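Comments concern the structure below.
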Amino acid sequence: MSCELVERTLDAYLDRELDAESSTAVRDHVRVCAACRGQLAGREALTKLVRGAPYYPAPDRLRARVLTQSTRPNSVRRVLGWAAAAVLVLSVGAALSLWRPETSRGNVIADAVVDSHVRSLMANHLFDVQSTDQHTVKPWFLGKLDFSPPVVDLASRGFPLVGGRLDYVGGRPVAALVYQRQKHTINVFVSPETGDSSTRDIVRTIRGFNLRHWIRDGMSFWAVSDVNSADLAAFASAAQER
Amino acid sequence: MFEQTVLPHLDAAFNYARWLTRNDAEAEDVVQDACVRAMRFFSSLRDDDARAWLLTIVRNTWYSRVARLAKMSAGKPLNEAQDHWPDLALDPEERLVQQHTVSLVRRALEQLPVDFREVIVLREIEGLSYKEIAAIAGVPIGTVMSRLARARERLQTVLTLASPREALR
């Protein structure tokens, strides 16, 4: 690969948006070319810097206003007409969703996982035990569950462990491990494998959240987050390496 | 339904709007209007990506507001058409005051043309993929790539100039 081509694909390489072949070509080139290596280092440093830029969460009053708007829309006159439409849309939507023909067990559990994830974020109940130390988080589950979830810190891979809590998915208690990726939360739900093949290795996007399932050492893992699917894939492979 | 689907992405919506508008009050207005629209068009949410869908509505809401305001104030051209280098030279005193890296980065980002600013925000702060960004901004993936590259080049120059010793550590 020429320096010119590398320069043009450097950003996509950094963002993990290149296919495997081009990615390897860039990596090989950078290894032997000091100039391009310097370019890459500069970009990496910049990316790190920019990711420290402020994240502006929605103010509580805005959240409250949107909620009021969606539940009691007639408080604002101009919304009245839209509200009627929305109610119609919502009831049609509700009817359709009840009507959905195939709801396999895998889909139901995937939905339940996303619900638990959303609940943990909305109710601000992310942790029962808040610690970045796997040796604190793992023993915390002792006596609270009839299994011992494997807990690894993946900080060195860009996914620091931040805590854990008890949660319920699909009608049984599970261990929820909480990781962070920049400003995003990744929930990992761990429970003993049940031999149910309908959820096996599901990779999906539900309501804007990415979701991955895997089985390892007799345990079933669900990772769910709003990080992009490439990052979640990287997380899953890092978690499975250990 | 609506609350469950949209509210979890309200932070993403506000963050995006805040970076577009560079102003708290305006960002709140934009997001609120966007939510009213989202409610209205809730049935158009076909695929599962509610976040990208909401961010697209935020973007459209903001653009139509800007267009409306521009019309009212005798047709100032949209920011997106401008591509001049802003004057970012900090004088020595300002440099002392502004040593804080976060405020340097924030300022550098805020001064990028909006087309560049939004790809950086969506990629670096929101962590979206090129494909998602392309869908939200309504441009081909190739355009996302070139905007990102140019935006980063500009930021690199600006941040190195603004704080030669610290910025790129």
Side-chain angles (χ1 to χ4, degrees), chain A residues 7-12 14-15 17 42-43 45-47 49-59 61-63 65-67 69-71 73 76 78-79 82-83 85-86 88-90 92-94 97 115 117-118 121-122 181-184 204-209 226-231, chain B residues 1-15 17-19 24 27-28 31-32 35-37 39-43 47-54 101-102 104-106 108-109 120-121 123-132 141 145 148-149 152 155-156 159-160 167-169:
Chain A
E7 203 170 320
R8 261 192 289 143
T9 47
L10 210 55
D11 289 281
L14 192 70
D15 293 326
E17 295 267 354
R43 277 294 212 268
L46 177 75
T47 294
L49 200 61
V50 171
R51 285 183 184 170
Y55 188 94
Y56 301 101
R61 64 170 177 277
L62 175 65
R63 198 174 291 274
R65 250 186 293 156
V66 171
L67 246 164
Q69 218 168 46
S70 68
T71 48
V76 184
R78 74 184 172 123
V79 181
W82 295 350
L88 186 70
V89 161
L90 286 175
V92 169
S97 70
D115 282 346
H117 175 70
V118 169
L121 299 177
M122 283 177 101
R181 174 66 165 183
Q182 291 146 32
K183 275 144 191 161
H184 304 277
R204 197 171 296 173
T205 304
I206 295 179
R207 303 201 295 270
F209 296 101
D226 62 339
V227 299
N228 66 54
S229 49
D231 279 354
Chain B
M1 291 287 278
F2 177 83
E3 293 94 330
Q4 262 195 334
T5 313
V6 171
L7 281 190
H9 303 296
L10 204 63
D11 281 346
F14 186 78
N15 180 57
R18 178 63 179 70
W19 279 108
D24 281 325
E28 274 187 51
V31 172
Q32 195 174 357
C35 285
V36 171
R37 285 195 196 194
M39 223 184 328
R40 194 177 163 198
F41 298 120
F42 194 50
S43 60
D47 53 5
D48 278 322
D49 196 352
R51 177 170 52 163
W53 177 78
L54 182 62
T101 319
V102 173
L104 276 177
V105 174
R106 182 179 56 75
L109 259 177
I120 291 284
V121 167
R123 171 62 222 160
E124 310 286 29
I125 303 180
E126 205 52 56
L128 296 182
S129 69
Y130 286 8
K131 198 173 139 202
E132 289 169 310
I141 287 182
M145 286 173 85
L148 253 181
R152 281 175 175 157
L155 282 174
Q156 235 168 327
L159 287 169
T160 321
L168 287 175
R169 278 273 146 91

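Chain letters run A, B, ... following the sequence lines, proteins first and then strands; every chain starts at 1. The structure displayed is predicted, hence computed values, not measured ones.
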note = Ranking B/Q32, B/H9, B/M145, B/K131 by heavy-atom pairs under 4.5 Å to chain A gives rank one to B/Q32
Quick one: pull up [atom1] in [X] and [atom2] in [Y] and give me the separation to the nearest 0.5 Å.
X	Y	atom1	atom2	value
A/R63	B/L10	CZ	CG	5.0 Å
A/T47	B/Q156	OG1	CD	8.5 Å
A/T205	B/E132	OG1	CD	7.5 Å

message = Among A/R181, A/R8, A/H184, which residue has the highest count of heavy-atom pairs closer than 4.5 Å to chain B?
response =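 Sorted descending by pairs with chain B, the first entry is A/H184.
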Backbone N/O of A/L62 and side chain of B/E28: donor-acceptor pair under 3.5 Å = no
key: Side-chain (B/R51) to main-chain (A/D226) donor-acceptor, under 3.5 angstrom   =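 The answer is yes, because a donor-acceptor pair under 3.5 Å joins these two groups.
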Answer with side chain, backbone, both or neither: which region of [X] has an atom nearer than 4.5 Å to a non-hydrogen atom of chain A?
X	answer
B/A149	both
B/A13	neither
B/L109	side chain
B/E126	both
B/I141	neither

ask   = Side-chain contact, heavy-atom cut-off 4.5 Å: B/F14 with A/P59?
value = yes
Any side-chain heavy-atom pair of B/L7 and A/V118 under 4.5 Å = no
inquiry  = Set out, in order, the CA-CA distance, both residues' side-chain angles and the distance that settles side-chain contact (heavy atoms from CB on, under 4.5 Å) for A/L49 and B/L155, then state yes or no.
reply    = CA-CA 10 Å; A/L49 200 61; B/L155 282 174; over 6 Å; no
Heavy-atom contact with chain B under 4.5 Å, split by part of [X]:
X	answer
A/R61	side chain
A/A12	both
A/L14	side chain

task = Could you tell me whether A/K183 and B/D11 have a side-chain N and a carboxylate O separated by less than 4.0 Å?
result =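 Salt bridge flag = no for B/D11 with A/K183.
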message = Any salt bridge linking B/R123 with A/D11? Criterion: basic side-chain nitrogen under 4.0 Å from a carboxylate oxygen.
response =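 No salt bridge links B/R123 with A/D11.
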note = A/H117 meets the side chain to side chain donor-acceptor pair (under 3.5 Å) criterion, sequence neighbours left out, with A/N187
query = What's the shortest heavy-atom distance between B/V105 and A/A53, and which atoms?
reply =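 The answer is CG1-CB, 3.9 Å.
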request  = Could you tell me which residues satisfy side chain to side chain contact (heavy atoms under 4.5 Å, CB included) with A/P54, sequence neighbours excluded, listed by chain and number?
outcome  = A/Y56, B/W19, B/V102, B/R106
